[in-house]
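Working notes, structure below.
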Protein chains: 2
Amino acid sequence: MDEPLVCVVDDDDAVRLSIGLLIETLGLPVRSFASALDVLADDDALARAHCVVLDVRMPGLSGVGLQERLLRLEHSAPIIFVSAHGDVPMVARAMREGAFDFLQKPFNEQVLLDRVQEAVQLAAQRRRDGAWLADIHGRLDSLTARERDVMDGMVAGRLNKQIAEDLGISMKTVEQHRARVMEKLQVDSLAELVRIVVRSGCDGG
Amino acid sequence: MDEPLVCVVDDDDAVRLSIGLLIETLGLPVRSFASALDVLADDDALARAHCVVLDVRMPGLSGVGLQERLLRLEHSAPIIFVSAHGDVPMVARAMREGAFDFLQKPFNEQVLLDRVQEAVQLAAQRRRDGAWLADIHGRLDSLTARERDVMDGMVAGRLNKQIAEDLGISMKTVEQHRARVMEKLQVDSLAELVRIVVRSGCDGG
DNA sequence: TCATCCATAAGGGAAAACCCTTATATCAGC
DNA sequence: GCTGATATAAGGGTTTTCCCTTATGGATGA
């Protein structure tokens with residue numbers, strides 16, 4: 001897993017610096033940006049970001065605009081907004097869109113530190129989940145179409161005989177595919193197979 | 001499933017009435033309350049509530065206070081706050097605690113209607129999920145301790161022989177329990193069993 | 001053209017699951 | 001003491017899975 005990184009985005013140099021120094025007291029690596037577009041241009045930061053501390057009102061791309069962009073990139077980093085000019089609709093919108101928190105300046109330093117730490121933990125969990133999911137999807141993608149058909153039957157609780165009838169092939173062929181499915185998915189019981197398929201969300205429910 | 005109900009809570013008679021009438025144009029049953037405590041006292045409303053439209057500032061128990069109480073009751077109804085006096089920390093807090101939305105007065109009527117409808121749909125989905133979960137939990141609770149032990153082994157992908165060794169009993173006894181588990185859980189394949197156990201969140205992951 | 005992957009299929013045997021019945025011992029409640 | 005639920009165990013037979021090998025035809029690709 002990549003080393004965690006907290007991104008601080010604020011066009012005010014003094015604020016950016018002080019927030020950065022504050023968060024560094026947690027022992028977390030921090031990278032500061034004077035504009036939202038600078039963040040999007042930094043691939044390394046995007047890849048490592050475990051939390052984004054974000055001013056709402058900035059020239060160029062706003063904080064809300066950056067949130068939208070990150071959502072479109074399916075970026076999983078929790079976003080903590082920090083703003084002196086927040087209004088009710090803005091906060092509600094940001095939170096609906098999944099912002100981790102919205103703090104009003106001037107904020108209590110300890111509150112920000114607490115929220116950043118929670119956010120980083122959440123990000124780490126999301127990354128673990130995402131990595132697991134990517135792993136499983138990789139295995140599922142390695143199945144041929146026919147193996148996938150057979151797997152669907154297995155997960156649906158069908159007997160080999162029934163799967164053979166469903167697909168119009170012989171039971172022996174089903175056995176063959178079934179063995180390949182177990183091998184490629186790296187499981188050694190039907191229970192494990194069903195478990196990972198259900199958890200990966202690839203069972204249509 | 002109970003008939004849906006939208007609860008409107010506002011100490012201002014005129015506001016309460018107008019919001020109520022507005023929401024009734026959706027064809028949804030509405031019940032209005034002048035105070036948060038009145039809601040908590042109305043068991044029928046609590047049981048049916050699919051959405052709570054809630055003023056923040058009220059004498060007695062505040063809107064935020066009612067949200068807390070409902071959370072403690074594990075009530076699943078989405079809450080839409082409506083307030084003329086919202087500030088940033090209040091909105092952030094309400095949304096963090098799971099509020100469905102936070103609208104500022106005066107609000108656009110269509111926005112409220114849209115959000116109420118979304119909330120009611122969400123509530124219906126939560127109720128379906130909850131009912132399913134309660135059903136499954138009921139079945140799981142009907143298992144004896146030993147049957148539960150055997151089921152855990154089954155879901156973990158253990159063979160009957162291995163389960164027998166784990167529990168220090170004979171394979172024949174495991175077979176007996178296994179059959180009872182399938183019967184009580186009303187499934188007819190291991191795949192189905194694993195599926196419902198995983199989905200019910202009773203597998204420790 | 002040759003190698004590789006894929007889907008198909010079969011034989012054969014070991015292991016496991018599934019389904020039925022019967023039976024004993026314990027324990028709780030009426 | 002009887003009843004019912006529970007945990008235990010076994011016999012016996014059918015079905016299914018699991019694992020091995022072998023084999024053919026088609027498609028892909030270097």
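What separates CG of B:L193 from C1' of C:dA17 is a distance of 14 Å, to the nearest Å. We find that CD of A:E183 is positioned 10 Å from P of D:dC20, with the value rounded to whole Å. If you take CG of A:L190 and P of C:dA16, they are 16 Å apart, rounded to a whole angstrom. The separation between B:D149 atom CG and D:dT6 atom P is 14 Å, rounded to whole Å. Distance, A:R146 CZ to D:dA27 C1': 16 Å, rounded to whole Å.
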| task | Any chance you could lay out the salt bridge (Lys or Arg N to Asp or Glu O under 4.0 Å) test for A:R139 and A:E183, step after step, and finish with the verdict? | result | CA-CA 10 Å; A:R139 296 186 206 173; A:E183 185 191 337; over 6 Å; no

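Looking only at atom types and distance, the side chain of A:Q162 has no donor-acceptor partner in the side chain of A:D166 under 3.5 Å away.
Among B:K184, B:H177, B:Q176, the one residue that satisfies the side chain to side chain donor-acceptor pair (under 3.5 Å) test with B:E147 is B:K184.
Put simply, CG on B:L22 and CG on B:L113 are 4.0 Å apart, with the number rounded to the nearest 0.5 Å.
Taking each heavy atom of B:A49 and B:A77 in turn, the nearest pair found is O-CB, 3.5 Å. When all heavy atoms are compared, the tightest approach of A:S83 to A:D55 is CA-OD1, 4.0 Å.
Near DNA chain D, meaning a heavy atom under 4.0 Å away, the residues from residues 150-180 of chain B are B:I169, B:S170, B:K172, B:T173, B:Q176, B:H177.
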